[in-house]
Trainee: 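Below are the structure tokens for one structure; questions will follow.
Chain letters run A, B, ... following the sequence lines, proteins first, then strands; residues in each count from 1.
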Amino acid sequence: MDILLQPWPWYVSGPLIALTMAILILLGKRFGMSSNLRTLCTIAGGDRAAEFFRFDWKAQRWNLLVALGVVIGGFIAMNFLTLDTAVAIGPESIGQLQQYGFESAGNAYMPVEFFGNEAFSRPRTLLLLVIGGFLVGFGARYAGGCTSGHAISGLSNLQLPSLIAVIGFFVGGLVMVHLIFPLIF
Amino acid sequence: MMRSIIYVLVGIFFGVVMFKSEAASWFRIYEMFQFEAFHMYGIIGSALILGMIFTQWVKKSNRKSLFGDDIVIADKAKSFTRYAVGGVLFGLGWALAGACPGPMYTLLGAGFMPILVVIFGALLGTFIYGLLKNKLPH
């Protein structure tokens, strides 16, 4: 039981992600998390604004149920399957993040400075969170998939477009962390 | 109803894996882009190798889904621009917000409430993409 409560190593986690995809494929579906964002836009009335949102969203109901499960899974893992939520990242990352003002690096699951409730009273933090989310949402639809749809499903299906997208994910991430972080933090 | 429960259960399983693997941790994403640990590369790499074996096997075996339908694993449309530009934009957001779409739902359940702001941003980004789609180079 104790081993379940510790962070799960990569060689357990990676195969379990592959298993998630395998189950969804065997159920006749696909593994892709960001398409739910499009479905939610349609449900919220986006179909009145753009052709992109005019599709039979009920056919995507299954994926919303998966997403609902993911929320529940996060709740269960946080409250019942974890003793210490601190994430033991490497010393160089901790040092760098502390220089940027992320004091919680090495002691928390998420940076308190970004994801603690005090973030709601800091306009600058809120702006960065909105921008980050915006880029994820816009980029995922432009690229036609996110980490699950391209990096796992697409590459598993040997799709060259997915390889281009995944290289793009890493180029963007490296630019953000190495070039933009020093400017904004 | 039975099927609905199965989808929710698959989601719960995936949500637990995202949280316990720490792939949903902002810190792990930062560390990955610093190349300081093998952890995230191990997760993605091992998922990918097993996923590849499974996907190729399913395609060759022509088997039906558990509900008896055909299994269709569609190819992605061929192009460069949309994948390169969309990919880079996604990567910028992934590193800044520290979360891709799967972990966003996980973190909401885990109670990190500012993730709602990220999810709002992601919905807004999706919506704006939908408005601009026909004007963007794909």
Trainee: Sort A/I184 into side chain, backbone, both or neither according to what part of it lies under 4.5 angstrom from a heavy atom of chain B.
Mentor: side chain
Trainee: Counting heavy-atom pairs under 4.5 Å with chain A, which one of B/L107, B/I44, B/D69 comes out on top?
Mentor: B/L107
Trainee: Is the shortest heavy-atom distance from the side chain of B/F14 to the side chain of A/V66 under 4.5 Å?
Mentor: no
Trainee: Pick one of side chain, backbone, both or neither for B/S25, based on which atoms fall under 4.5 Å of a heavy atom in chain A.
Mentor: both
Trainee: Taking the six-membered ring for Trp and the single ring otherwise, decide whether the centroids of B/F112 and B/W26 are under 6.0 Å apart.
Mentor: no
Trainee: Between chain B and each of A/T85, A/V177, A/I89, count heavy-atom pairs under 4.5 Å; write down the option with the most.
Mentor: A/I89
Trainee: Under 4.5 Å from any heavy atom of chain B, what part of A/R30 do you find: side chain, backbone, both or neither?
Mentor: neither
Trainee: Can you find a heavy atom in the side chain of A/L16 that is under 4.5 Å from one in the side chain of A/W8?
Mentor: yes
Trainee: Would you mind checking which part of A/Q6 comes under 4.5 Å of any heavy atom in chain B, side chain (CB onward), backbone (N, CA, C, O), both or neither?
Mentor: backbone
Trainee: Quick check on A/S148 against chain B: is it the side chain, the backbone, both or neither that has a heavy atom closer than 4.5 Å?
Mentor: neither
Trainee: Between A/F170 and B/F33, is the ring centre distance below 6.0 Å?
Mentor: yes
Trainee: Parallel, tilted or perpendicular: which one describes the rings of B/Y30 and A/F181, with boundaries at 30° and 60°?
Mentor: parallel
Trainee: Under 4.5 Å from any heavy atom of chain B, what part of A/I167 do you find: side chain, backbone, both or neither?
Mentor: neither
Trainee: Using a cut-off of under 4.5 Å on heavy-atom pairs, state which of B/V58, B/L9, B/L136 scores highest against chain A.
Mentor: B/L136
Trainee: Are any of the side-chain heavy atoms of B/L48 and A/S156 separated by less than 4.5 Å?
Mentor: yes
Trainee: Counting heavy-atom pairs under 4.5 Å with chain B, which one of A/I180, A/N117, A/L163, A/L81 comes out on top?
Mentor: A/L81
Trainee: Name the member of A/I23, A/N63, A/L158 that forms the most heavy-atom pairs with chain B at distances under 4.5 Å.
Mentor: A/L158
Trainee: Under a 4.5 Å heavy-atom cutoff, which of A/F138, A/F169, A/Y109 has the most pairs with chain B?
Mentor: A/Y109
Trainee: So what's closer than 4.5 Å to chain A heavy atoms on B/A99: side chain, backbone, both or neither?
Mentor: backbone
Trainee: Do A/N157 and B/K59 have side-chain N/O donor and acceptor atoms under 3.5 Å apart?
Mentor: yes
Trainee: Report which part of B/I53 has an atom under 4.5 Å of a heavy atom belonging to chain A: side chain, backbone, both, or neither.
Mentor: neither
Trainee: Would you call A/F31 and B/V10 a side-chain contact if the rule is heavy atoms closer than 4.5 Å?
Mentor: no
Trainee: Check this for me: does any side-chain nitrogen of one of B/R28 and B/E31 sit under 4.0 Å from a carboxylate oxygen of the other?
Mentor: yes
Trainee: I'd like to know which of B/M113, B/R63, B/M104 tops the heavy-atom pair count under 4.5 Å against chain A.
Mentor: B/M113
Trainee: Hey, quick one: are B/M2 and A/L24 part of the same hydrophobic cluster, counting side-chain heavy atoms closer than 4.5 Å, chains of contacts allowed?
Mentor: yes
Trainee: Please look at A/A44 and chain B and tell me whether the side chain, the backbone, both or neither of the residue comes under 4.5 angstrom of a heavy atom of that chain.
Mentor: neither
Trainee: Count the heavy-atom pairs under 4.5 Å between each of B/L66, B/L92, B/L89 and chain A, then report the option with the highest count.
Mentor: B/L92
Trainee: Which answer fits A/I76, side chain, backbone, both or neither, if we ask what part of it has an atom under 4.5 Å from a heavy atom of chain B?
Mentor: side chain
Trainee: Taking the side chain as every heavy atom from C-beta outward, state whether B/K64 and B/I71 have any pair of such atoms under 4.5 Å apart.
Mentor: no
Trainee: What part of B/F80 gets closer than 4.5 Å to chain A, counting heavy atoms only: side chain, backbone, both or neither?
Mentor: both
Trainee: Go through B/Y83, B/Y41, B/F13, B/F127 and name the one with the most non-hydrogen pairs under 4.5 angstrom from chain A.
Mentor: B/Y83
Trainee: When the ring planes of B/W57 and B/F54 are compared, do they come out parallel, tilted or perpendicular, using 30° and 60° as the limits?
Mentor: tilted
Trainee: Examine whether an atom of B/R3 lies under 4.5 Å from a heavy atom of chain A, and if so say whether it belongs to the side chain, the backbone or both; otherwise answer neither.
Mentor: neither
Trainee: Please report the interatomic distance CE(A/M176) to CD1(B/I29), rounded to the nearest 0.5 Å.
Mentor: 13.5 Å
Trainee: Are A/Y142 and B/F90 an aromatic pair, judged by ring center distance below 6.0 Å?
Mentor: no
Trainee: Of the backbone (N, CA, C, O) and the side chain (C-beta and beyond), which part of B/K133 lies under 4.5 Å from a heavy atom of chain A, both, or neither?
Mentor: side chain
Trainee: If you count heavy atoms of other groups shown closer than 6.0 angstrom to CD1 of A/I3, is the number above 12?
Mentor: no
Trainee: Count the heavy-atom pairs under 4.5 Å between each of A/M21, A/Q96, A/E92 and chain B, then report the option with the highest count.
Mentor: A/E92
Trainee: Need one label for A/S104: side chain, backbone, both or neither, based on atoms under 4.5 Å from any heavy atom in chain B.
Mentor: both
Trainee: Does a side-chain heavy-atom distance below 4.5 Å link B/S21 with A/W10?
Mentor: no
Trainee: Give the member of B/G45, B/A23, B/P137, B/A37 that has the highest number of heavy-atom pairs under 4.5 Å with chain A.
Mentor: B/P137
Trainee: Does any backbone or side-chain atom of A/F53 lie under 4.5 Å from a heavy atom of chain B? Answer side chain, backbone, both or neither.
Mentor: side chain
Trainee: I need the residue from A/F114, A/F75, A/F134, A/F52 with the largest number of non-hydrogen atom pairs under 4.5 Å to chain B.
Mentor: A/F134
